[in-house]
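Residue numbering restarts at 1 for every chain, and letters A, B, ... go by the order of the sequence lines.
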There are 2 protein chains.
Amino acid sequence: MAGKIDPCGACDARPNSVCSAIEDTDLARLAAAATSTRIEAGRSFINEGDPADSFFNMTGGTATLYKLLPDGRRQITGFARAGDFLGLAVSSTYAFSAEAIDTVRVCRFPRRKMMELLDDFPAMERRLLARASNELVAAQEQMLLLGRKTAKERVASFLLAQYSRTRKCAHDASPIDLPMTRSDIGDYLGLTIETVSRTFTRLRKDAVIELPSTDSVIITDHDQLLEMAEGSSS
Amino acid sequence: MAGKIDPCGACDARPNSVCSAIEDTDLARLAAAATSTRIEAGRSFINEGDPADSFFNMTGGTATLYKLLPDGRRQITGFARAGDFLGLAVSSTYAFSAEAIDTVRVCRFPRRKMMELLDDFPAMERRLLARASNELVAAQEQMLLLGRKTAKERVASFLLAQYSRTRKCAHDASPIDLPMTRSDIGDYLGLTIETVSRTFTRLRKDAVIELPSTDSVIITDHDQLLEMAEGSSS
DNA sequence: CGTTATCTTGACGTACATCAAATGTCGTGG
DNA sequence: CCACGACATTTGATGTACGTCAAGATAACG
């Protein structure tokens, strides 16, 4: 529980989150249902298979969402950031795990209270549906990537997605922040760290990107990267 | 438009579809919004990139949902059957294509009328949200399959999914119907037809499945198939 | 300024793709 | 009922993109 007087009103993430469906006058209801929590880098806050008794709204930081196979193979299904809503599930247990990459802030909603909120604020439910629809589209795009794209196409697609997540206008050459490790990128793209690394340097040698540091990228040839991502160019 | 008097009340698919959220007394509203259509095998009825002006509710048959790359590579993101709802998208264009495998029946809802229905029947919206959540979970499972599983694990997972889609109780040894071709299965699992075929015969030689015909399978060792699907066994 | 984790680069192996041919299946018409 | 052609599936031989193993190079950190 945030000690603040009006935590939801002051929330940076509200404009991009489902919470913006709730009017200022009803913010107290929202704030009463939520508990703001801070999660240190490396800690997981959702575990696949655990009882799904909470929903989460990310308000800061970046988290990996992933599934594991018994032998430890990992598939990252997405990176969650401020505004993202987690835990949507009909099942009584979580279908995935979530782990903080850097220090993460979330609002936690007990399942029951969240349901009550949805009953009272249908606009919020519609927001959730819109969000789920978008995620579904993204998931289908990722299936195409994982099932049919080459390593080069995967990395190119990934970089473009990271790019367009923040930048609105194309042809912006400022560096893109990559808070995740190569291992995370590999597990997201269905590749190994070695292949991710090799592909990065290949793109650099092709003069499509620059790598000012290990955790940032500059796209120098946006058009060619776009062609690469869909296999139009070699 | 169905010529029947009460098409929705007589609909076989209603119990498993979002339409069941609408009470019998309001069925006329539902029926007025929908147009029932028949689609021949092989014809596509949703095309990626086209204006998304209709929603579809499958009432019969099986359809492939897929995305294409410019050079023709295809990723099937799912197989839609009676009760499935298609076209959920915030975007103004479809993000995927849909093609009938056998003869398909759908109810088509114009976007605007569908929105009005959702405004008036919040229970339907909640059903859609639940459905989207489930699809999201399935999509994450498929990402794990595409990104991290071997060919054998993929085929085993696929067969188990086909199995549990119809059968409720385990240890039912009746044949599973496979309306899709090897090519469809390959494009769904991120494999080639040859690899799918080879893996089928490998599973048959391992005495885990039987192949009474090319479009049906019998699971003879459910437990071992389950182990295979997650890589617990070799 | 060593210590440790992450990233890069190289040499080699392999699971699956590709290419090619044989076999099976099914509808059509003689 | 059988012959035929078109197409799907199976099976085999070979290639390759990416994985695995191993060693340095960088960067993070006390």
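Put simply, CZ on R154(A) is 14 Å from P on dA17(D), counting in whole angstrom units. For K149(A) and dA17(C), the NZ to P distance is 18 Å, given to the nearest whole Å. The distance from atom CG of D187(A) to atom P of dC18(D) is 16 Å, rounded to the nearest whole Å. One atom, CG of D215(A), and another, P of dT26(D), lie 17 Å apart when rounded to the nearest Å. To the nearest angstrom, P of dT9(D) lies 11 Å from CE of M180(B). One interatomic measurement links the two molecules: CD1 of I185(B) to P of dC16(C), which rounds to 16 Å at whole-angstrom precision. Atom CD1 in I193(A) sits roughly 14 Å away from atom P in dT9(C) (whole-Å rounding). Atom-to-atom, NZ of K152(B) to P of dT14(C) comes out at 17 Å; the value is rounded to the nearest Å.
Considering only side-chain atoms of R198(B), the nucleotide from dG12(D), dT10(D), dG19(D) that sits closest is dG12(D). The listed nucleotides are dG19(D), dC19(C), dT9(C); the one nearest the side chain of E194(B) is dC19(C). In this structure, the nucleotide among dT18(C), dT9(C), dG19(D) sitting nearest to the side chain of T192(B) is dT18(C). Nearest to the side chain of A151(A), among dC18(D), dT10(D), dT8(C), sits dC18(D).
T181(A) comes within contact range of the sugar-phosphate backbone alone, with a heavy-atom separation under 4.0 Å but no base atom that close. At the heavy-atom level, G190(A) lies under 4.0 Å from the strands shown only through sugar-phosphate atoms. Looking at heavy-atom distances under 4.0 Å, T201(A) makes contact with sugar-phosphate atoms alone, never a base. Among the heavy atoms of the strands lying under 4.0 Å from L191(A) are primed sugar atoms or P, OP1, OP2 only; no base atom is included. Backbone-only contact: T150(A) has heavy atoms under 4.0 Å from sugar-phosphate atoms and none from a base.
A 4.5 Å side-chain heavy-atom check between R202(B) and K205(B) finds every atom pair outside the cut-off.
Comparing L211(A) and R148(A), the nucleotide of DNA chain C nearest to each residue sits closer to the 5' end for L211(A).
Using a 4.0 Å cut-off, no side-chain N or O of T214(A) falls inside it from OP1 or OP2 of dT6(C).
Nearest heavy-atom pair across E48(A) and L68(A) is OE1-N, 3.7 Å. Between A95(B) and V137(A), the closest heavy-atom pair is CB-CG1, 3.7 Å.
Cation-pi geometry between R182(B) and F200(B) is satisfied (NZ or CZ under 6.0 Å from the ring centre, within 45° of the ring normal). In this structure, R108(B) fails the cation-pi test against F45(B), since its NZ or CZ atom is not both closer than 6.0 Å to the six-membered ring centre and inside 45 degrees of the ring normal.
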